[in-house]
Amino acid sequence: MTTAVEAVEVTPQGLIARRLVLLGILAVVLITPAVVSAPSAGLFAQAAVFGIIGLSLNVLMGYAGQISLGHQAFVGVGAFAAAFMTTDGGLPMYVSIPLAAVIGAVTASLLGLVALRIQGLYLALITLAYGLVAERSIFGIQPLTGGGAGKPAFRPAPFESDKIYAYLCLAVLGVILYLDWRMLRTKFGRALLALKSNEQVAASFGMNPVFYKVGAFVLAGALAGLGGGLLAFRQTQVVSQDFTFSTALTYVIMVVVGGLGSRIGVVIGSAFISYLPFLLDGFGRFLEGATTIRPLLWFGENLPVLKIAISALLLLLTITQFPGGIAQQLHPLTMWLSGKPFPKHEKAPRHKKKSLRKKGAFVGTDVADPAAGNGEHEEDPTSSEEG
Amino acid sequence: MGLLEVHGVTKTFGGITANSDVTLDVSEWEIVGLIGPNGAGKTTLFNCITGVYPIDSGVIRFRGTDISDLKTHERAELGIGRSFQNLGLVRGTTVLQNLITAQHMTVPYGVMAGMVGAPETYAVEREVVGKADQILNFTDLMEYRNEIVDDLPYGVLKNVELATVLATDPQLLMLDEPSSGLSPTESDRLGDILLRLREELGVTILMIEHHVPLVLRVCDFVYVLNFGTLLAQGKPKEIREHPEVIAAYLGGETDAA
Amino acid sequence: MGRFIVSGLATGVIYGLAGLGLVLIYKGTRVFNFAQGEFGTVAMYMLYYVVEANDGPYALGMLAGLFAAVVLALLTERLVARPLASAPKVIALVGTAGFALFTIGIELAVAKPEPRSVAPAISGGGVPLFGFIVSGQKILALVVLVIVAVAAGLFFQRTYLGMGILANSQDSVATRIMGANANRISQLTWGIAGLLGGIAGVLLAPESTIVPGYMTTNILIPAFTAAVVGGMTSLPGAFVAGEIIGLVEGLGQYAITRFPGLEVVPEGQAVLLFAVLIVTLVVRPNGLFGSEA
């Protein structure tokens, strides 16, 4: 969520402490690619790209209240487009990656137009179906994507160094974090949040729902295409198996586990999911060395394979137990870092909401009401009247 | 010529007639009440005027221009602001943020300028906060400025919503049961605010209201809807004495009067 | 072309039955169940483990498959649907999708990504049709699936218990008057949906190359399309729509063979079904047979 503009007295020492901690975190992030091995820098680049993809999905799910279960299709379109433009079209990388963002925006805007008519559960279904169609059909078009073998995307000098490429990805992530921050504090972001809360209310503020809804898809598509382009050159080979149903849900997991609507939470969640196979691999090898108990050994051996099950479990745990995700858990810390007193006790929002929300004191029910979302907007006058 | 003219408006929902041939007029600087028993079609009429529902027949004019075919946000841009029977607030954000969000139409820069953080946007944002603070002062809500709206009691939120609608800078303020959930003292204070609004800001008000003392005190003119049709109209005192109105209220169960 | 129509109608039976399971859960609990496909995949794997990996009796394998599917459905109800009953419906949907992914993840770890195959329940009995042989297994599968679909339809629309289950979402007071416990009914709904998925799974297994997530990748979206075209709340509608979807798909495949240029897009029929889904939702949001929104 956004932070309130608030005047709080902070002692000079407190301010210095906060600045130091922030600088420390920033320094660690900035130095890491330089000092680690090349493969680790590659992992770092991937984490940064996942952060971009997470922020892209967060625009839809966290800010605009839309859903995309086919986000891998937008990312894949960007990745294949970038690879095709460079490998077959001879365009330099720094041209094809921005163009991938444009192509991502265009394809996503089409789905945005669909979202004007179809909402809630049915939109979720459409996005999921779109993702599967993209994976099985569009990404299999031999001349464009190289079919099963995939499409190469080689980096030009000086980016063939994983370290330098990691810095490029980090820089792009930084720019997008800035844009995301400005967006949420200005016109566009406020309109998205209003639209998510209630479309009628947003329209009564003079916001054009069509413009902002499609706008959210365009922005998300551009970021996804950009992430896809960066991903293509990170992997140097784009294959359609990288953009499956599991991938789509992995993106949802990054955002939900990170904390819907929280940009820092989403980036942390994305990086975490990106690093998860690596972490599990390490933990698995540790178990193999440390124990002789057979079930534990099996578990250790299979940990890397279990990464999908484990991330799915994280998703289920988050939505049923900790809807705020990582961001909720980190809230006291982020509050403190942004210059406010350390909150002593945070009430975690659960699905069992306060009586006010349960009574439906606010206009409209949840965004996901299928009845409200499926065309028939005209309510029965007896129910829209003084109930 | 009135500020708002509703002429012969009919709205049906699959065979059920919610509004039938409704005609009413709101002149500039007036405070007009719209009353009627539950299910009389008052909120439906509000939704027709603001463009939530397209009307079946009739015409709606604002400052003499036919607005019947305009979208909700286009009508808002002309100066029609409204509150909702259930709260029309942006959930999960603070009172201040709601007032800032509501100033959408007066924010001149484009969405891209805001996103890239163009220099002129910062000055605009400061102005927007300043105006929000003025309204919070005016409506006596300064103490709730930085509270998340989801955490506030209903009575306070009704006033926050009024402040939010004011932030849209309306010429016509349409309020859907502004006093619901307020205590008698609170609704007294609401009456003060409404009268001051007209006095100091020159706002015209059309309000759905059940609370009779409030209607008697602030309204210049009252329209009565029953079963979707106009039953009576007149000065509040006349309406109170009107036999058909009394019958309508006694016939249908009501929490009013 | 006749060949494509017959194979389309045959596939349509599977879509229809899976669609039936989706509609059942939607009617009963207002949840879009994205885990429905995996009920079938798990049944396939159980059959494989009993029959192929351990040389067990075929009947036992089928029973184990059905049992696994029902258990998985009940787990989905208990671990996802019930805790999220008061959450926004899209969250519940994400929950069932997450549960499907969890199941796929377990399948990957236990059964490995390699494709598996299972022997048919009956060998031989093939019937020549349009120049190719329809296997006995396929005929058996179709006959059983149609019987199951009809039986399910009769159960829910003609029997007291069946109607009571569907009444759950529409009128919980009526359900309570009937003396039924809401949780029980929810379990029963999910259990039956699991059973339907399991039946489809064990019958399809010999015809399929079983990989983790098989039914989610191949059946779930056509089944949802069938459910949507059928109106999302109509059991016979879903089944009939399943046939329509199968037919459209078969004709799409036929078109691809006739116009070789179309082969550039692999599985072009999936694109066609996607178009059907969008057009249905935009033009007739209540489907062809749906009455309530």
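Residue numbers begin at 1 in each chain, while the letters A, B, ... track the order of the sequences.
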Which portion of L144(A) sits near chain C, non-hydrogen atoms under 4.5 angstrom: neither
Value for CG (L313(A)) from CG (L79(C)), rounded to nearest 0.5 Å, stands at 9.5 Å
Start with the C-alpha distance between F34(C) and L69(A), add both sets of side-chain angles, then the distance that settles side-chain contact (heavy atoms from CB on, under 4.5 Å), and finish with yes or no. CA-CA 11 Å; F34(C) 279 53; L69(A) 297 180; 4.2 Å; yes
Is the closest side-chain heavy-atom distance between I106(C) and L306(A) below 4.5 Å? yes
Of the non-hydrogen atoms in S137(A) and P266(C), which two are nearest, and what is the gap between them? OG-O, 2.9 Å
Looking at L108(C), V282(C), V110(C), which one has more heavy-atom pairs under 4.5 Å with chain A than the rest? V282(C)
Contact origin within L123(A) toward chain C - heavy atom pairs under 4.5 Å: neither
Step by step, work out the side-chain contact (heavy atoms from CB on, under 4.5 Å) result for T320(A) and V80(C). CA-CA 8 Å; T320(A) 55; V80(C) 179; 5.9 Å; no
What part of L316(A) is in contact with chain C, defined as an atom under 4.5 angstrom from a non-hydrogen atom: side chain, backbone, both or neither? side chain
What pair of heavy atoms forms the shortest contact from G105(C) to I308(A), and how long is it? CA-CG2, 3.8 Å
Quick one: closest heavy-atom pair of I319(A) and G95(C), and the distance? CD1-CA, 3.5 Å
Below 4.5 Å from any heavy atom of chain C, which atoms of I126(A) appear? Answer side chain, backbone, both or neither. both
Minimal heavy-atom distance between L121(A) and K89(C), with the atoms involved, is CD2-O, 3.5 Å
What are the two closest non-hydrogen atoms of L249(A) and G98(C), and how far apart are they? CD1-N, 4.1 Å
Check whether any side-chain heavy atom of I104(C) lies under 4.5 Å from a side-chain heavy atom of F245(A), and answer yes or no. yes
If you define the side chain from C-beta out and look only at heavy atoms, does anything of R136(A) sit under 4.5 Å from N218(C)? yes
So what's closer than 4.5 Å to chain A heavy atoms on T216(C): side chain, backbone, both or neither? both
Is there a side-chain contact between I253(A) and L101(C) in this structure, where contact means two heavy atoms from C-beta onward sitting under 4.5 Å apart? yes
Would you compute the distance between atom CZ of F99(C) and atom CG of L315(A) and round it to the nearest 0.5 angstrom? 12.0 Å
Name the option with the most non-hydrogen atom pairs under 4.5 Å to chain A; the candidates are G268(C), A109(C), G213(C). A109(C)
Measure up the Y130(A) and F274(C) rings against each other and bin them: parallel (under 30°), tilted (30 to 60°), perpendicular (over 60°). tilted
Segment of L132(A) engaging chain C (4.5 angstrom heavy-atom cut-off): side chain
Dump the intermediate steps for side-chain contact (heavy atoms from CB on, under 4.5 Å) on V94(C) and I67(A), then the final yes or no. CA-CA 10 Å; V94(C) 170; I67(A) 189 162; 3.7 Å; yes
